[in-house]
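For clarity, every value in this text was computed on a predicted model and none was experimentally measured. Chain naming here is simple, since letters A, B, ... match the order of the sequence lines and numbering starts at 1 in each.
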Amino acid sequence: MHPAVSIILFTTLSGMGFGLLAFLGVGIPRVEGWVAAVFFAIGFALAGGGLLFSSLHLGHPERALKAFTQWRTSWLSREAWASVATLGVVGVFAAALVVFGVRIAPLGWLGAAGCIATVYVTSMIYASLRSVPRWHHWSTSALFLAYSASGGALLAGQRWPAVAVLVVTGVGQFLAWRAGDARYAACGSTVGSATGLGHLGRVRLFEPPHTGDSYLTREMVFVVARKHARKLRSIALLLAVVLPVGLLLLPAFHHLGAAVAVLSHLAGVLCVRWLFFAEAEHVVGLYYGRRPA
Amino acid sequence: MTALPETTERKLGLVIDLDTCVGCHACVIACKGWNTENYGAPLADADAYGADPVGAFLNRVHSFEVEPDSGPAQLFHMPKSCLHCEDAPCVTVCPTGASFKRVEDGIVLVNESDCIGCGLCAWACPYGAREMDPVEKVMKKCTLCVDRIYNENLPEEDREPACVRTCPAGARHFGDLGDPDSAVSQLVEARGGVDLMPEQGTKPVNKYLPPRPRDADIDVLAPYLEPVDAQPKGFLGWLDRALERI
């Protein structure tokens with residue numbers, strides 16, 4: 001799949017933002033006044049900013065409000081509802097806390113649950129697509145939630161929870177990559193089933209339907225730089241997990257170290273998300289001579 | 001509404017004969033022509049005469065080579081357009097309700113004024129049947145020429161999809177696949193028509209007719225036919241016998 005910058009930024013930033021807002025919602029850290037204002041501002045900037053980036057992906061962003069109508073069937077529509085409702089609930093909670101100094105705890109818990117739900121719904125936009133075997137699995141949602149929790153714990157300055165969640169996320173990501181590599185072959189779609197000619201012998205694309213590119217090949221038959229995937233996986237894990245954990249384990253832990261850990265994690269997750277799209281093979285590639293790896 | 005209908009009154013669709021298609025791409029051009037000049041946003045081309053041309057098409061012809069375990073390879077041309085699936089994943093993912101499947105005839109359509117151009121439906125389709133228009137930024141797909149098949153301003157023989165009407169080989173057939181007595185259903189029955197990627201669970205309405213067995217089958221009378229030129233005669237015959245004696 002084509003790794004569009006807008007969706008990579010959307011999933012990465014909004015994931016971290018909702019992660020931080022979830023921690024703030026349950027009162028970890030238990031901030032008030034100006035400190036709370038700064039924490040919430042970072043959370044809203046990331047979550048809301050990410051959502052704005054997602055609108056850059058649209059051909060007609062001026063019609064975006066129509067995306068609220070089909071929540072019964074569409075995960076993308078549910079995403080619109082979940083994110084706006086969650087930002088609303090957390091917004092009221094934050095306003096009461098910052099402006100009036102009142103902590104409405106149940107509202108905070110509701111907001112935190114909303115954050116988790118929103119990240120889950122975002123992940124289901126991808127995990128629900130059967131046509132992309134690598135995504136069509138519960139581990140896609142599990143990892144979206146794990147990265148959100150990691151980023152949230154780091155931003156909330158929770159040293160030991162962050163270490164624990166980062167380690168779990170790193171191991172989970174490693175296992176998910178291993179399992180994901182085998183999923184295309186297991187889905188059963190081959191060039192034989194795609195053409196209905198498989199029973200006759202070995203099927204090979206003789207001539208593509210067009211000599212140049214098309215929307216389909218650009219959007220779904222993306223292969224650029226996949227040869228570096230293994231190196232990029234290592235770099236991604238190093239930046240997203242190993243370096244932040246190392247910094248958190250330093251005996252003299254202070255704000256600068258935390259800031260570097262957050263930035264390193266952010267760069268690592270951007271790399272992970274680039275791979276999430278670039279490595280995902282769409283079955284339509286079978287009509288263009290691309291076989292499962 | 002992007003919920004799929006439980007059932008549709010009819011299942012209009014195409015039957016494509018892989019044994020008959022000659023790969024001329026006339027259906028591609030007829031489709032592009034009709035759907036550029038009629039219903040909906042025209043099918044645009046971007047940078048058509050430049051270095052990197054790209055354009056929206058609703059129907060494309062792929063060519064595949066099949067190499068059997070023994071014998072020569074065979075070449076098949078495979079026109080591919082929307083299969084108007086009964087369980088269309090492109091419809092349910094649409095966040096705006098722009099994509100829908102009609103209850104009356106099962107045609108999957110896009111209401112272009114509701115489309116936000118998010119592209120998720122094109123991702124959900126395993127067949128690559130949907131393409132974003134490079135100029136209008138709305139999703140385009142085969143309408144089964146919904147503006148031809150019910151159009152009483154056209155002569156009756158033209159009330160079928162442009163691709164079917166234009167096919168010079170008769171490789172494309174249009175009809176109601178929900179009616180077991182229709183000509184297309186009978187054809188699918190007789191020729192063993194198949195679904196593309198049935199494992200994707202989309203239940204496509206369009207069917208593809210596999211090639212009839214040929215070349216591999218030897219005529220039952222073949223053993224009784226004497227080879228006509230087993231023994232050379234004349235000069236070649238003399239040469240053959242002379243060389244045999246050396």
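Heavy atoms closer than 4.5 Å to chain A are found nowhere in B:His77, neither backbone nor side chain. Proximity to chain B is limited to the side chain of A:Ile7, based on heavy atoms less than 4.5 angstrom apart. For a residue to count as touching a neighbouring chain, one of its non-hydrogen atoms must lie under 4.5 Å from one of that chain's; by this rule A:Arg218 touches chain B with the side chain only. Interface remark: A:Ala64 contributes backbone atoms only to the contact with chain B (heavy atom separation under 4.5 Å). Of the atoms belonging to A:Leu58, heavy atoms from both backbone and side chain fall under 4.5 Å from chain B. Contacts of A:Leu205 with chain B are made by both backbone and side-chain atoms, with heavy-atom separations under 4.5 Å. If you measure heavy-atom distances from B:Cys94 to chain A, the contacts under 4.5 Å come from the backbone alone. No part of A:Trp81 comes within reach of chain B, as not one of its non-hydrogen atoms sits under 4.5 angstrom from that chain. Residue B:Val61 touches chain A through its backbone alone, counting heavy-atom pairs closer than 4.5 Å. With a 4.5 Å cut-off on non-hydrogen atoms, B:Phe57 does not touch chain A at all. B:Leu75 touches chain A through its side chain: at least one heavy atom from C-beta onward sits under 4.5 Å away, while N, CA, C and O do not.
Between the side chains of B:Gln200 and B:Tyr127, no donor N or O sits under 3.5 Å from an acceptor N or O. Counted by atom type alone, B:Trp123 and A:Glu219 present one or more donor-acceptor pairs between their side chains at under 3.5 Å. Looking only at atom types and distance, the side chain of A:Thr73 has no donor-acceptor partner in the side chain of B:Thr92 under 3.5 Å away. Of the N and O atoms on the side chains of A:Thr86 and A:Thr118, at least one donor lies less than 3.5 Å from an acceptor on the other residue. Residues B:Arg60 and B:Ser81 have side chains that never bring a donor and an acceptor to within less than 3.5 angstrom of each other.
The aromatic rings of B:His62 and A:Tyr288 stand perpendicular to each other, their planes meeting at an angle above 60°, with 30° marking the opposite boundary.
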Take A:Phe276 and A:Tyr147, measure what ring-ring contact (aromatic ring centres under 6.0 Å, His included) needs, and give me the verdict at the end. CA-CA 13 Å; A:Phe276 177 75; A:Tyr147 278 112; 9.9 Å; no

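For the atom pair NE2 (A:His210) and CD (A:Glu207), the distance works out to 11.5 Å, reported to the nearest 0.5 Å.
Contact tally against chain A (heavy-atom pairs below 4.5 Å) for B:Val194, B:Asp69, B:Leu120, B:Asp114: the top residue is B:Asp114.
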